[in-house]
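Written out below as structure tokens is the structure these notes cover.
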Amino acid sequence: MSSETTDGDRLLDIQNLSSGYSGVPVVRGVNLHVDKGEVVALLGPNGAGKTTTLLTVSGLLKVLDGSVTVLGDPATFGAPHKAARRGLAHVPEDRSLFFGLTVQENLRLGLRGSRSAQAAGYERALELLPALRPLMGRRSGLLSGGEQQMLAMARALVGEPKLLLVDEMSLGLAPIIVERLLPIVRDIANETGAGVLIVEQHVHLALSVCDRAYVMSHGEIVLEGSASELKDRPDLLEASYLGGEVSA
Amino acid sequence: MTDNILETKGLTVTFGGLNANDSVNLNVPRGKFVGLIGPNGAGKTTFIDAITGYVPMSAGTATFAGEDIGSLKPHERAERGLVRTFQSLELFEDLSVRDNLLVAAYPTKWYSFILDMLYMTPKDQETEDRVNWALDIMGLTDEADAMPTDLPHGRRKLVGVARALAAKPDLILLDEPAAGLDTAESQKLGQHLREFLDHDMSVFLIDHDMGLVLSVCDYIYVLDFGEIIAEGTPAEVREDPAVKAAYLGAEAGDVQAAAAEAVVGAQSSGGE
Amino acid sequence: MEAFIAAVIAGIGAGGVYAILAVGIVVAFRGSGVINFAHGAVAAYAAYNFDEIREPGRGNIYLPWVDPIPEWGVLQKLRLNNLPVRIHIMEDPPTWLAVFVSLAMAAFIGALMHFLVFRPLRNAPTLAKVIGSVGVFIYLGAVALKNFSNSNRNDAGWWGFDSTSDPYVIPFTDKTMPGSNLWLAGSALVVGGVLYLFFRYSRFGIATRAADENEKGAALLGYSPQLLAGLNWVLSSVLAGIAGIVFLHKTNPSQISLLVVFALAAALIGNLTSVVGATFGGLALGMIASGGVDFFQRDFWGEGVKEWLPADGIRQFVPLIAIIIVLYTRGGKLPVRGSISVGRQPQAPATNNATVGTLGLIGIGLLVSNIFVSKWESALTTSLIFMLFMFSLVVLVGYLGQISLAQWSLGGVAAWTTARLAADGMKIREFDFFANGGPNWPLLLAAIAGVVAAVVVGLLVGLPALRIRGVQLAVVTLAAVVAIEKLVLRNTGLMGEGAASTNPMPVLTIFGSNFGGFNENSNQTDNWKFTVFLIFMVAIVGVLVVNLRRGRIGRRFLAVRANERAAAAAGINVSQTKLLGFGISSAIAGIAGVMFAFKLSQLTSENFAPLIGLGLLAFVYLGGITTVTGAVFGGLLVAGGLNGEILHLHFDGVDQSAINIAGGLLLVVNAIMTNGEGISLVNATAGKEILHGLRRDPIPPDFPSGTETSTADSTVADSLEGAVV
Ligand SMILES: Nc1ncnc2c1ncn2[C@@H]1O[C@H](COP(=O)(O)OP(=O)(O)OP(=O)(O)O)[C@@H](O)[C@H]1O
Ligand SMILES: Nc1ncnc2c1ncn2[C@@H]1O[C@H](COP(=O)(O)OP(=O)(O)OP(=O)(O)O)[C@@H](O)[C@H]1O
Ligand SMILES: [Mg+2]
Ligand SMILES: [Mg+2]
């Protein structure tokens, strides 16, 4: 599914990226791409640089070297709202909910496009995450940890994004929800042609739905391959988590 | 009769019509490791909030070390050795990691400020040792002087656990300490948590990482819509159909449980 | 009864203006999390312009700055072009044009405030924003004074907002009120209603609140946080302008800027976020105040009560109590889960021994210099007293994070109590107008009682802090300041004859020698013994405050400042800790107040006027509010202190408004540049950085140090810098 694509299908293209904090690179030489309709997993141990990569894509951190192309245009450091308006949705690690607003208001802010598109997106997100329905009027700061995570997902989905980045999707979610959510992400990619990049700690679950995966360690991509390749080689995965460069 | 450090009877918490906890009867035996699992929004955090005094109980009793604590303020419960961590971090962000622990470790009296101002407060080696121990066991010694905001998310969670340890708890209540940790880190955490029991502590753990929960707990309660729907040893809970339907799911639970098994197997060298 | 009802209803006039101002404050707060203390000043500036353009034969407006290039001297010889300030519009313009131009001016000021002040401050601690707005307040007030001069302005008003229109008979009574009262209340309802609908039915309102709470989240959803904030500032300032020009017929523009206290109170009733709450809050406050005065001035209270409760005091006090009750019942002892966090706080490092030593040397230097340059005596003692006072703010605001604007008023309480208790009904000096009656306590005892009184009142002021937090607390304490002034300091029933004007102070005598500031021989405040005495006081209290930070309690203060929920979990009794902080701080403020009294031969309530307290907070902030060193700097900088003396030596004849303009600007610049940590800390950090740089090993590329000073948040913030469309 992933191999033969034209440039028009490439939603995210990261080439030789270095980025980090206060000018000091934390990730180096990262090459990564996501195409239309693809689900790609970005895996790796704590502190590997996964979050840093995602923040750079949406323009919250500076590209120190290399290039990042998001939905056809270079990443715009300093103006994350521009990429968002082009159709990028990013569920950040800290979720960035608006605690002072109700669940409904949070969702409303995620809506995009014409009125009918908005209504459709809204309904669809709630179908996928029905647990949110009874919570509509509650202030989002009062939600439980998992409910907050679901809201963050839903808020990204209501805008029907072209490219979706999800950092630690299953953080704080019950196993049964994680198990349901991953196929949902798969379906969204299949049906709407959106590209999805997920960061996950549940390696096996992630590999069961994604097309391809990258493993990051100490700021570098140490392993990449199709899901099926990686599933068959747990030894390689384990080695890559421990750090060394591995060739698939 | 067993010696329970924490006992709740009919504990109920209501938020405007919603019963977030509904007649919860739950015991933590002294020196044991008890887990609480359940779907999102089941009321697990609310349970910790209720027994530590952060939300009012609308019915029921909570007894800690033989004393009814229902009317005590949060800080009074902490002083008695009932210490919690928060799911949402809640660190002192402008204090260094070590100071975060010191705040919790040093007790004060009403006249402490006078001693402080005269610079006559004695340094207490035992407390300092305890803080160092807590930093050490959570693997934070190298980051002791860092600010919490400079640490990755997973390590910040551990600062929360270390701060609770520094407060000399008899029962430590952990709310999702492993959230965001990778499998290796989470296993390491599990081993350290078991060590707590050797230091005169009982442990109460909430987490969604089944690998962790099933491998470290002696006894597990399962909460759904505010009610206890099952309880038992890890093995019993894992096989319970109600728990599977409400929480574990068909696959996810199994995958994680398998991971747990591997760990448990490795630890008890005999295995299955 | 009828008269009472009539009084209540007549309150809708003033209430209407409070409401319009309050709504503007709410809009700015929602847009950028800033409580704008300068809101009234913006209203006043618009009102001045409105009046000026309508002035027969003039027709000018003034831009919100002054021409920095004087009409004389070297600069003029260089033939530099002056900065344009005055714009001629037209003589006798139609009313609509005058309204339009004034509101446009307000909008312009709003945009300037956003771009120059609050946008750079958006990630700074709450306190920095408070100080920024205080800076704007001082600046705008001084500019207005310079551009419009203070000549008595009488604008008859326009449309129905007119002092000459027919009085209106209040239904069910035979009393009347000015017809314009109805217009004022009506326009408040219209403004409130329109804004309510606008915020309710456009996404703008929600997006505004979202962007203020979580900039990152809003930007990731495609909203430009800075654009939203800017629009809200403009809207808020236009509302201020409206309030200014509708109230012009009732008061002088310079008074309008002081209405901000009531407006803030009304906004608090709307929880700072609700337009409807602010509208009705404003109307209600106007009515309560007006009714309260009528009620407490009734004959059945008897002369005693009437004397003890001056009308002005009631006007301030009754609304204060109303707000405190509303807020107190609303807040919890601990914030509930998911409360919006307090945000970043300025660092509060423990002062080390080296710094204490340095400060000691400075003290010795002052002592020595004092012997040689007796000219400085008065300025030096002023600086020292304010240093002492600022220590109280270091404890309360710096360590404990409770923003109180009332501490200087507590100094006033201590000074007044001392004067009252030590007095014996005799004139102290020949030139005294009054002799205070009193129990003739020994001065030392009276002084101690004064400090105790400050602590008692301070704890009362601190009570609301148990449930009211952050910037809301600041507003409550500001209301308390006004109440203390009107109800205590100016209360002749309580404080004796002198309270209303000048309060003669007894002489501080130690071992039979005059240690007070006032030198009976020279008739000036230049007694060197007093200086020595003060230096010792400052040293002792300074060391106590330094030690407090290094100890267990200091650490607990910082913990409460950072996170109350977590503090309770760490076994800290949050309420008790806050009260302890208020107690210690009030005691120090009381001591400073007593010292101030010892310095002067006569005190007036002007010495403890509300705005002085605000100014002192600004100055200690400038120095660095989290450290004792910062307070020392702050004391040196303070107006009337050593710094001013030195300025005077070099620039003879600089006038007060020029100093204020510069001061206001300095505050703003400082708030932005030092990120809330003040001069002292910036220097300390810079020094550390240099040392660090000398020692530092190169960072290994793959292990970025976790102790790097920048955090993810600040990087993200930097990246949002450019996020203006
Ligand atoms: N103060 C409150 N007011 C109203 N509802 C609340 C309040 N606090 C919690 N809730 C609701 O109570 C329910 C239980 O929340 P709780 O945080 O206890 O869940 P949890 O079991 O810890 O879930 P998770 O695993 O997702 O953390 C949730 O639906 C939450 O939204
Ligand atoms: N604000 C920051 N300032 C300096 N260094 C940082 C900052 N945030 C993260 N780092 C460092 O960057 C590295 C990569 O962090 P990142 O958050 O990208 O890792 P991650 O792969 O997302 O890990 P996790 O699974 O724990 O979320 C870490 O070593 C971390 O210490
Ligand atoms: Mg991460
Ligand atoms: Mg929870």
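All heavy atoms count here, side chains included; hydrogens, waters and symmetry mates do not.
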- Message: Would A:D94 and C:K216 count as a salt bridge (charged side-chain N to carboxylate O under 4.0 Å, His left out) here? Give the steps.
- Response: CA-CA 10 Å; A:D94 62 7; C:K216 178 175 157 195; 3.1 Å; yes
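With 3.5 Å as the limit, one finds a donor-acceptor pair spanning the side chains of A:E200 and A:S170.
No other option in A:V91, A:L111, A:T51, A:V27 has as many heavy-atom pairs under 4.5 Å with chain C as A:L111. Between chain C and the residues A:S96, A:A84, A:G141, the most heavy-atom pairs under 4.5 angstrom are made by A:S96. Contact count versus chain A (heavy atoms, under 4.5 Å) is highest, among C:G222, C:A207, C:G217, for C:G222.
Contacts classified as salt bridge (charged side-chain N to carboxylate O under 4.0 Å, His left out) and involving residues 98-118 of chain A (residues at least two apart or in different chains) are not found.
Only the side chain of C:R209 comes within contact range of chain A, judged by heavy atoms closer than 4.5 Å.
Closest heavy-atom contact between A:F98 and C:L221: CE1-CD1, 3.9 Å.
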